[in-house]
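Before we start, here is the structure in question, set down as structure tokens.
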Amino acid sequence: MMNKLLATLAGCVRPGALRALAFGLAAAIAATTLPAATPASAHGERSQQAFLRMRTLNWYDVKWSKTEVNVNEEMVLSGKVHVFSGWPQAVAKPDVAFLNVGEPGPVLIRKGAYVGDVPAPRSFSLQVGKDYEYKLVLKARRQGRFHVHVQMNVEGGGPIVGPGEWITIKGDMANFTNPVTLLDGSTIDLETYGITWTYIYHFAWMAAAAVWILYWFMTKGLIVRYWWVKAGKANELITVREKRIGGLWLAATLLAVLFGYAWANSAFPRTLPMQAGLLKGIDPIALPAATVTAQFKGGSYTVPGRELSVKLRITNSGTEPVKIGEFTTAGLRFLNPSVFTTRPQFPEYLLADRGLAVSDETPIAPGETRDVTIIVQDARFDIERLSDLAYDTDSQFGGLLFFFSPSGNRVGVEIGGPVIPRFAAGATL
Amino acid sequence: MSISTEAGAPAGKAWKSKEEFLGCVMLTDWILLVVLFAVVLGSFHIHYMLLAGDWDFWIDFKDRRMWPTVAPIVAMCFAAAVQSFLWQKFRLPIGATVACLALLTGEWINRYDNFWGWTFFPINLVFPSALIPMGFWLDVVLMMSGSWLVTALVGSMGWGLLFYPINWPVLAQYHQSAEIDGVLLTLADLIGFNYVRTGTPEYIRMVERGTLRTFGKDVVPVAAFFSSFISMLIYFLWWKIGTWFTNTKYIEVDDI
């Protein structure tokens, strides 16, 4: 059976077939390796499940200090993040989190990361239900146009990507420097520090390995040695002289290792182990008690119209009347045009400046409780794949609803709850 | 290259002259060497990337506990297997060195082309662990002793113990420290912090963790001894795997 199979296979392998196979292989290798790699322009945020993006971290007040920088120039990415109270059970709580940047490789390096006023080069804990202020100081490194996001990595939850903006970096990466002052007062350029020595050290050892291999290979090769072993003469293959050479080779190696170790200790007498462990002292923003509450009374998502309808019972316990001005979720902002008369600065693909409608636009007076329906409708809801909410295993939405008073005060209220998908056009809540 | 046919090579009538026969043998030797090197490079590289992974990829994973424990153990697998093949079939004391050189060749191609060439991570963030002297040690111990048992015991012990001292001449410079915003960081930490890895958050680093606190700051020797002991077991197992996987009996066919 096996012989028949082999014979059949052998029959298929004709010179023409082999040539075609070789040509195809070469073409495949060329096609996958020769063209310049196209830089990634997005970071997969749309591929994350809708409920995860809506009900974990609600990003707001995100600002990029510049959208055009030169190599070596710094910019700041800052904003606030609300840790959603209804954090989904499917995702680990943010007991260990890390403030990160979503970008295609280190096109901007992270010179500083702060949560509140606390430097955060390592991981920290976030409290559910609280708000945090963050700031990332970024320094341009590689020329080009890149999509740069704020991002929070949560252990057990993965990366949670915030809004992104296109940043243009001008200049030449060859001019980039990253000066760092050491504890001993000397300054080094971290961009290139130690690289030449690393090459020399590694390639010297690799060259020595090649010498060792070729020495043995050149004495009798492989085939002849195999014949000798088969002939029962294996023990005659390595001579006393070769053993002596091997011993000397090893002695020289160990001496080199000892010397290298001693040299490193004398050249760098003050070394420390890497610093690890959870950072403490990261406090949430001390927000005043909310003067507005919004009680969820039901919701639906109409798939054909890309329309999220939410019923809310709103109570204004403040001293000023308020209007609903904005709903933000998963980095998208849906604005009520009756409140936002000018378009705020924010990435176009995330800003639906007419995306929020309210059933009753009259301001909610102090002390008043009113039932309203808000309608969130924009193509961005679908483009950013939040409409997948209709198909999620945990079909609950979440986000922040912002109320505005005539004096300009803003009150953010967390809203969220289950939504019922409606697959027929015109279906109502 | 000096070769001899006294062991009974089938020179036969397939060759016009002895010179042509010898040339054919030498050419085949070179082809075999290149193929062997490429096969070990590819397979060992995949194995090492999957099992040593981040500890070998990044400077801020190369700590005093986990890295010197994990990396030698994982590297021992192919070193033992290739040594088994080259020693038993050819009596060549170069198996571990071939494995280490092949791995490092693949790693340097990967680190330079992919990590630096495509993603622009600086080389001081992504250089691999040095392994070559460990390969020399294992090969010479096998050559001197002629025994895989002795090599497993003595060779593996040196294999694990040598790892950190071999790497220290490059690593030491990155364990100098700097104060950044009032936080103490080694240069290794700082490189990892500065050069953003979107998919590799800081907490994923499994460094300096464990309950080994009795020996003060001197945790490397203990980690190295532990690594050596496990490397012994790995050596025994992978020597046998090397034997099993370099056997022609699986493809023997009666009519060939």
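Order of the sequence lines sets the chain letters (A, B, ...), proteins ahead of strands, with each chain counted from 1. What you see is a predicted model, and the numbers here were worked out from it, not measured in a lab.
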Check whether any side-chain heavy atom of Met206(A) lies under 4.5 Å from a side-chain heavy atom of Leu104(B), and answer yes or no.
yes

Considering only heavy atoms, which portion of Ala113(A) lies under 4.5 Å from any heavy atom of chain B: side chain, backbone, both, or neither?
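Ala113(A) touches chain B through backbone and side-chain heavy atoms alike.
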
Could you go through the side chain to side chain contact (heavy atoms under 4.5 Å, CB included) check for Trp216(A) and Leu86(B) one step at a time?
CA-CA 11 Å; Trp216(A) 287 98; Leu86(B) 288 177; over 6 Å; no

Please state whether the side chain, the backbone, both or neither of Val96(A) comes within less than 4.5 Å of a heavy atom of chain B.
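Looking at Val96(A), backbone and side chain both touch chain B.
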
Passing option when Ser177(B) is tested against Leu183(A), Asp184(A), Thr271(A) for side chain to side chain contact (heavy atoms under 4.5 Å, CB included)
Leu183(A)

Side chains of Arg141(A) and Phe120(B), heavy atoms from C-beta outward: is any pair under 4.5 Å?
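Side-chain contact under 4.5 Å: yes.
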
Find the distance between CG (Leu254(A)) and CG (Leu162(B)) and round it off to the nearest 0.5 Å.
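With rounding to 0.5 Å, CG (Leu254(A)) is 6.0 Å from CG (Leu162(B)).
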
Any chance CE of Met173(A) has more than 12 other-residue heavy atoms, nucleotides or ligands included, within less than 6.0 Å?
yes

Among Val98(B), Thr97(B), Leu131(B), single out the residue with the greatest number of heavy-atom pairs under 4.5 Å to chain A.
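Among the listed options, the one with the most contacts to chain A is Thr97(B).
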
Find out whether Ile188(A) and Leu187(B) are in side-chain contact, i.e. whether some heavy atom of one side chain is under 4.5 Å from a heavy atom of the other.
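Heavy-atom side-chain distance check passes, below 4.5 Å.
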
Whether over 12 other heavy atoms sit under 6.0 Å from Tyr199(A) OH:
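Count over threshold, so yes.
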
Checking Phe176(A) against chain B: side chain, backbone, both or neither under 4.5 Å from a heavy atom?
side chain

Which portion of Leu182(A) sits near chain B, non-hydrogen atoms under 4.5 angstrom:
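Both backbone and side chain.
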
Between Ala251(A) and chain B, which part of the residue has a heavy atom less than 4.5 Å away: side chain, backbone, both or neither?
neither

In terms of heavy-atom contacts, does CG of Asp117(A) have more than 12 from other residues, nucleotides or ligands at under 6.0 Å?
no

So, do Met274(A) and Arg64(B) sit near enough that their side-chain heavy atoms are less than 4.5 Å apart?
no

Check each atom of Leu108(A) against the heavy atoms of chain B and say whether the ones under 4.5 Å are side chain, backbone, both or neither.
backbone

Rounded to the nearest 0.5 Å, how far apart are OG1 of Thr198(A) and CZ of Arg111(B)?
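With rounding to 0.5 Å, OG1 (Thr198(A)) is 12.5 Å from CZ (Arg111(B)).
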
Could you tell me which portion of Phe268(A) (side chain, backbone, both or neither) has an atom closer than 4.5 angstrom to a non-hydrogen atom of chain B?
side chain

Cut-off 4.5 Å, heavy atoms of chain B, and the answer for Leu214(A) is side chain

Which portion of Tyr215(A) sits near chain B, non-hydrogen atoms under 4.5 angstrom:
neither

Less than 4.5 Å apart, side chain to side chain, heavy atoms only: is that true for Phe136(B) and Trp205(A)?
yes

Let's test your reading of the structure: which of Ile204(B), Leu33(B), Leu32(B) forms the most heavy-atom pairs below 4.5 Å with chain A?
Leu33(B)

Whatever's closer than 4.5 Å to a heavy atom in chain B on Ala256(A) counts as neither

Asn178(A) versus chain B, heavy atoms under 4.5 Å apart: side chain, backbone, both or neither?
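Contact with chain B involves the side chain of Asn178(A) alone.
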
Within the side chain of Asn124(B), is there an N or O that forms a donor-acceptor pair under 3.5 Å with the backbone of Leu190(A)?
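Yes.
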
Check whether any side-chain heavy atom of Asp29(B) sits under 4.5 Å from a side-chain heavy atom of Tyr226(A), and report yes or no.
no

CE-OG1 distance between Met134(B) and Thr253(A), expressed to the nearest 0.5 angstrom
13.0 Å

Contact check, side chains of Ile191(B) and Tyr193(A), non-hydrogen atoms, under 4.5 Å
no

Between Ile223(A) and chain B, with a heavy-atom cut-off of 4.5 Å, which part of the residue counts as in contact: side chain, backbone, both or neither?
both

What part of Trp249(A) lies closer than 4.5 angstrom to a heavy atom of chain B: side chain, backbone, both or neither?
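Answer is side chain: those atoms of Trp249(A) sit under 4.5 Å from chain B.
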
Examine whether an atom of Trp263(A) lies under 4.5 Å from a heavy atom of chain B, and if so say whether it belongs to the side chain, the backbone or both; otherwise answer neither.
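Only the side chain of Trp263(A) comes within 4.5 Å of chain B.
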
